Structure formats: structure tokens, C-alpha cells
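One structure, as C-alpha cells, below. Some questions next.
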Amino acid sequence: MATTNNISSIDIHNLSFIKSNKNEPLLVLNNYVYKRNKTTAKRKYWVCVIRGCQVYVHTTLSNEYAGGGTDLHSHAPNPELVQVKKVRQKMKERALNEVTLIGMIYEEEIAKSSMTRSALAIFPTNSEIYQGVAKARRKAAPELPQSCFFTIPDIYKSTIDGKRFLLYDGSPIRRERILLFGNDDQLDLLFDSHTVFMDGTFSKAPHNFCQIYIIHAVNFDICLTCVYGLLMIKKSIVYKQIFVELKQIASQRGKSFSPASIITDFEPAVLPVLKS
Ligand SMILES: [Zn+2]
């Protein structure tokens, strides 16, 4: 026999919205969940998500309560399910808007949440939600470029607080692109450092580039990454161009890029540049 729940009055201030797994809006009222059934010129009609339960809620087009939700449901409310859905939605939103590791988002949101013990007991594990959240994140990210000639979206040219991050995007040799990234604070550390470390890593270079070139400054005996370069070749002209650009940027900032010592792996193409 179906369980019924008598709702003599409803608290319209208890109206909120969450997203379904398919990113569709769901209305939550007094721990019952409703999905959108139809929309007219003035009203949205929502029906309980439990199959066979025909309780409706009406809202305005701007999602303000307009009526309904007082009939008897054929089942009990499920506050745990609502709590779980809200926390899952928050995790997904953070995964889409931040670059924080999904596992870390999971731990932080579980710690922050005020879920009951019952809700925590049915909350999926990190590995259970990982695939879905990672897939949503992949969908939101631009496709990987198929060649080195791609336009960099503006979002990747700036830091999160809107300051410059792309320092140089050019080709000293035809079809050999150089990209340099770093923010102003990193640059100031670099230009103030007497010792600079330079090193390239090849195994982690993205498709179309042969190496990630990293320039570190030393600050209070700590080695700090200041400039990241994506290079397509290992020729002196490329390293020379990096120095030219950094010297120019230093000059624009009223500084100079003239470290007393530069420490680098033995790289035949770099040495002539350092000597010059
Ligand atoms: Zn129902």
C-alpha cells in the first residue's frame, strides 16, 4: 500500500532549485522534488519526480511560488535525497568553475556540508561520482588543438583575477611558435633574483610542442617557478628570443633582467645565448 503524507500547509519559503544529473532544473518544496512538466506564457508547471505521483506545483516564469504542492503525495518526503542532490550539485559547479582536483572538492564539500547521518550514509563515494564530474569538466573545456596554430581563448591569457598571464606569443622562425606565460608578481621575483635556474622538460610537453621550458627565481633560498614556456624546437634563436622578450618586459616594469648567475642543464643551444 502506498504511503501518504498529509500536507495541511506548505512553507513557500522552503522553495529552492537544484539541477538534475542531466542539468535540468528541479524544484524542491518541503523535501519533495519536482521536475518541470510544462511552461505556458505565464506559468511553469512542476510535477513530483516520483513516478505515478501526480502532485503539481505552479510557479511564475521567474520561479516564484504560485500555487499547488498541497495535495497528498503517494510516498513519504525524502529530505536525505534533497541534501545529497544539493551537495552533488555544488561539487559539480565547483568542478566546472575551478581547476581544483575533483577529489579535493569532494572532501571539502563533504566537510562543509550539514548533511544528516542518513544523507551521508547514502552519499556516493568519491570514485562513484568522479567519472560523471570529470566528464562534465571535460565537456566544458575547449578541445585540444590539433596543430600549433590555434587561437588562445582569452580566459587562458589572464590570471583568475584578470591580470596578464600570456607574456609572449610569437614565432622568431616561421611556423615555430613560442608561448611564454607568467604573472607580474612572478616576473618581479625573477627580475629581482640574482640567481636563475632554467630547465626544459620534454616528456610532459603538450602535443605539437617539444618542451616545456621553465625559469625559476631564488627567493629566500627557495626556488620559485616564474615563467613557463612552450617551445617547438631547441635552437639558439628560440632561447635568444626568450631573453629578448624578458629583458623587454623587465624594462617596461622599470627593472632589468640581468641575473648574476644562471644555472641550467647542459644544453648546447642555450650556452651561446648565455655567453652573448
Ligand atoms: Zn510525490
Side-chain angles (χ1 to χ4, degrees), residues 1-100 102 105-106 109-110 112-116 118-119 122-124 128-143 151 153-156 158 160-162:
M1 195 175 92
T3 307
T4 59
N5 191 55
N6 190 357
I7 303 176
S8 56
S9 65
I10 61 165
D11 178 7
I12 62 167
H13 299 295
N14 214 358
L15 179 87
S16 60
F17 292 87
I18 56 177
K19 292 276 179 69
S20 71
N21 293 342
K22 294 183 178 174
N23 219 27
E24 297 293 329
L26 296 173
L27 181 152
V28 180
L29 183 62
N30 294 334
N31 292 320
Y32 289 101
V33 182
Y34 301 79
K35 62 184 177 185
R36 195 160 59 197
N37 190 46
K38 68 173 182 179
T39 303
T40 64
K42 291 186 177 175
R43 289 280 185 271
K44 289 181 188 172
Y45 293 86
W46 307 78
V47 64
C48 180
V49 294
I50 299 298
R51 189 186 293 269
C53 182
Q54 291 293 305
V55 178
Y56 286 83
V57 172
H58 318 154
T59 64
T60 63
L61 295 183
S62 52
N63 289 336
E64 289 157 346
Y65 177 79
T70 54
D71 292 340
L72 299 179
H73 286 257
S74 61
H75 54 93
N78 195 341
E80 289 81 15
L81 179 67
V82 174
Q83 289 177 33
V84 167
K85 279 186 176 292
K86 283 184 176 175
V87 176
R88 283 188 72 151
Q89 181 182 332
K90 178 70 180 164
M91 288 177 179
K92 192 172 172 184
E93 282 172 3
R94 281 192 59 192
L96 293 179
N97 293 311
E98 301 173 15
V99 293
T100 312
I102 292 170
I105 292 175
Y106 180 92
E109 290 304 318
I110 290 285
K112 269 197 291 184
S113 78
S114 52
M115 283 192 286
T116 61
S118 308
I122 61 169
F123 200 86
E128 283 169 336
I129 71 159
Y130 182 89
Q131 289 298 337
V133 176
K135 188 177 175 186
R137 184 178 258 183
R138 276 199 302 276
K139 268 188 177 176
E143 282 187 23
T151 302
D154 287 343
I155 188 174
Y156 297 116
S158 311
I160 291 171
D161 54 358

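Remember, it's a predicted structure, so these values are computed and weren't measured experimentally.
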For residues Thr59 and Arg43, determine if any side-chain heavy atom of one lies less than 4.5 Å from a side-chain heavy atom of the other. no

In Å and rounded to the nearest 0.5 Å, what is the CG to OG distance from Leu29 to Ser16? 8.5 Å

Between Tyr56 and Asp71, is any pair of side-chain heavy atoms under 4.5 Å apart?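 No, side chains not in contact.
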
Can you name the nearest heavy-atom pair linking Thr40 to Tyr45, along with the distance? CG2-CE1, 3.7 Å

Sub-4.5 Å side-chain heavy-atom contact between Tyr106 and Val133: no

Minimal non-hydrogen separation, Ala119 against Glu80, with atom names: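 Heavy-atom minimum between the residues: N-CG, 3.6 Å.
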
Which distance, rounded to the nearest 0.5 Å, do you find between the CZ of Phe17 and the NZ of Lys86?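 If I round to the nearest 0.5 Å, the distance is 11.0 Å.
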
Separation between NZ of Lys44 and OG1 of Thr60, rounded to the nearest 0.5 Å: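 Answer rounded to 0.5 Å: 7.5 Å.
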
Quick check against the 3.5 Å criterion: does Arg94 have a side-chain atom that pairs as donor or acceptor with the backbone of Ile102?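 Side chain of Arg94 to backbone of Ile102, a donor-acceptor pair under 3.5 Å: no, none is there.
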
Test side-chain contact (heavy atoms from CB on, under 4.5 Å) on Lys35 and Ser20 and set out the steps. CA-CA 9 Å; Lys35 62 184 177 185; Ser20 71; over 6 Å; no

Measuring only between side-chain heavy atoms, which start at C-beta, is Pro124 closer than 4.5 Å to Arg88? yes

Decide, yes or no, whether a salt bridge links Glu109 with Lys112 under the criterion of side-chain N to carboxylate O below 4.0 Å.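 Lys112 and Glu109: salt-bridged.
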
Under a 4.5 Å cut-off applied to non-hydrogen side-chain atoms, are Leu15 and Glu64 in contact? no

Atom CG of Leu96 and atom NZ of Lys139: how far apart are they, to the nearest 0.5 Å?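 Between Leu96 CG and Lys139 NZ, I get 11.0 Å after rounding to 0.5 Å.
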
From CD (Glu98) to CZ (Arg137), nearest 0.5 Å: 8.0 Å

Quick one: closest heavy-atom pair of Pro77 and Tyr32, and the distance?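 Taking Pro77 first and Tyr32 second, the nearest heavy atoms are CD-OH, 3.2 Å.
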
Output for pair (Ile18 CD1, Gln83 CD), nearest 0.5 Å, gives 11.0 Å

On a heavy-atom basis, which atom in Asn23 and which in Lys92 lie closest, and how many Å separate them?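 Nearest heavy atoms, Asn23 then Lys92: OD1-NZ, 4.5 Å.
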
Quick check on Phe123: does its CZ atom have over 12 non-hydrogen neighbours (other residues, nucleotides or ligands) under 6.0 Å away? yes

Ser113 side chain near Lys90 side chain, heavy-atom distance below 4.5 Å: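 No, every pair of side-chain atoms sits at 4.5 Å or beyond.
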
Side-chain touch Ile50/His73, heavy atoms, less than 4.5 angstrom: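 Counting from C-beta outward, Ile50 and His73 never come under 4.5 Å.
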
What are the two closest non-hydrogen atoms of Val28 and Val82, and how far apart are they? CG1-CG1, 3.6 Å

List the atom of Trp46, the atom of Arg36, and the distance in Å for their closest heavy-atom pair. CE3-N, 3.4 Å

Got a sec: does the CD of Glu128 have more than 12 other heavy atoms crowding it under 6.0 Å?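 Atom CD in Glu128 is packed in, count exceeds 12.
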
